[in-house]
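Computed from a prediction, not measured in an experiment: that's the story for all the values here. Positions are given from 1, in the same order as the sequence printed here.
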Amino acid sequence: QEWLVESGGGSVQAGGSLRLSCVASRYTFSYNYCLGWARQAPGGEREGVATIYTGGSGTFYADSVKGRFTISMDAATKTIYLQLNDLKPEDSAMYYCAAESQAGCERAATRGDFNYWGRGTQVTVSS
């Protein structure tokens, strides 16, 4: 059983929206884990997108997505979400659900240096 399983990617036109989901079935959300999203475009570097404490104590975002993307969670289903609005062609990338230590949660939202990774889901935005 995989620790992090993503879904919800797809192809949209610029200005459109998508919602990504990540089932983290082996995590106990009350332990306040840091879960989040990172992305990597072909030929590009991996970058953080957003993180959330599963105990509900906070969220962090990369500057490039603030005001457009929203990270959230449902503790009952052990799922985290990433709502992507006002998508731009430069948002096209493989999006990964990932986990990091509590201490590194804010850093991971920008640097994308998580410890554990899912397999990813592709997001493609056309102009």
Please find the pair of heavy atoms, one from [X] and one from [Y], that lie closest to each other, and give the distance.
{"X": "Met94", "Y": "Gly120", "result": "SD-C, 3.7 Å"}
{"X": "Phe114", "Y": "Ala98", "result": "CG-CB, 3.3 Å"}
{"X": "Gly112", "Y": "Ala38", "result": "CA-CB, 4.3 Å"}
{"X": "Cys105", "Y": "Tyr53", "result": "CB-OH, 3.4 Å"}
{"X": "Ala62", "Y": "Gly48", "result": "CB-O, 3.4 Å"}
{"X": "Glu100", "Y": "Asp113", "result": "OE1-O, 3.5 Å"}

**Study point:** Counterpart residues, ring pair (Phe, Tyr, Trp, His ring centres under 6.0 Å), relative to Tyr96 (two or more places apart)
**Key:**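 For Tyr96, the residues satisfying ring pair (Phe, Tyr, Trp, His ring centres under 6.0 Å) (neighbours in sequence not counted) are Trp117.
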Review point. Taking only residues two or more places apart in sequence, or in another chain, which ones meet Tyr33 in a ring pair (Phe, Tyr, Trp, His ring centres under 6.0 Å)?
Key: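 In terms of ring pair (Phe, Tyr, Trp, His ring centres under 6.0 Å), with neighbours along the sequence ignored, Tyr33 is linked to Tyr27.
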Point to revise | Salt bridge flag under 4.0 Å for residues Lys88 and Asp91 | key: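 Judged by the 4.0 Å cut-off on N to carboxylate O distance, Lys88 and Asp91 do not form a salt bridge.
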Exercise for review: Sequence neighbours left out, what passes salt bridge (charged side-chain N to carboxylate O under 4.0 Å, His left out) with Glu47? Give chain and number order.
Suggested key: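 In terms of salt bridge (charged side-chain N to carboxylate O under 4.0 Å, His left out), with neighbours along the sequence ignored, Glu47 is linked to Arg39.
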Exercise for review: State whether the number of non-hydrogen atoms from other residues, nucleotides or ligands found under 6.0 Å of Arg111 atom CZ is greater than 12.
Suggested key: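 Open.
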Point to revise | Heavy-atom neighbours of Gln40 CD exceed 12 at 6.0 Å | key: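 Yes, enclosed.
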Min side-chain heavy-atom separation [X]-[Y] under 4.5 Å:
{"X": "Cys22", "Y": "Leu35", "result": "no"}
{"X": "Thr110", "Y": "Phe60", "result": "no"}
{"X": "Leu20", "Y": "Phe69", "result": "no"}

Hey, is the main chain of [Y] close enough, under 3.5 Å, to the side chain of [X] for a donor-acceptor pair?
{"X": "Ser92", "Y": "Val125", "result": "yes"}
{"X": "Arg68", "Y": "Ser64", "result": "yes"}
{"X": "Thr121", "Y": "Glu6", "result": "no"}

**Study point:** All pairs passing disulfide (SG to SG under 2.5 Å) where residues 44-78 contributes a residue, at least two apart
**Key:**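 Pairs touching residues 44-78 that pass the test: none.
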Practice item. Could you tell me which residues satisfy side chain to side chain contact (heavy atoms under 4.5 Å, CB included) with Thr59, sequence neighbours excluded, listed by chain and number? Key: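 Partners of Thr59 under the side chain to side chain contact (heavy atoms under 4.5 Å, CB included) test: Ile52, Tyr61, Ile71.
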When rounded to the nearest 0.5 angstrom, what distance separates [atom1] in [X] from [atom2] in [Y]?
{"X": "Thr54", "Y": "Met73", "atom1": "OG1", "atom2": "CE", "answer": "6.0 Å"}
{"X": "Leu18", "Y": "Asn85", "atom1": "CG", "atom2": "CG", "answer": "9.5 Å"}
{"X": "Leu4", "Y": "Arg26", "atom1": "CG", "atom2": "CZ", "answer": "10.0 Å"}
{"X": "Thr124", "Y": "Leu87", "atom1": "OG1", "atom2": "CG", "answer": "10.5 Å"}
{"X": "Asp86", "Y": "Ser17", "atom1": "CG", "atom2": "OG", "answer": "8.0 Å"}

Review point. Taking a hydrophobic cluster as the set of Ile, Leu, Val, Met, Phe, Trp and Tyr residues connected by side-chain heavy atoms closer than 4.5 Å, whether directly or through intermediates, do Trp3 and Phe29 fall within one such cluster?
Key: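 Result: yes, single cluster for both.
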Practice item. Verify the cluster assignment for Trp37 and Tyr116: are they in a single hydrophobic cluster under the rule of side-chain heavy atoms below 4.5 Å apart? Key: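 Yes, because Trp37 and Tyr116 connect within a single hydrophobic cluster, where side-chain heavy atoms sit under 4.5 Å apart.
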Return a table of donor-acceptor pairs under 3.5 angstrom between the side chains of residues 7-15 and protein atoms on other chains or two or more places apart.
none

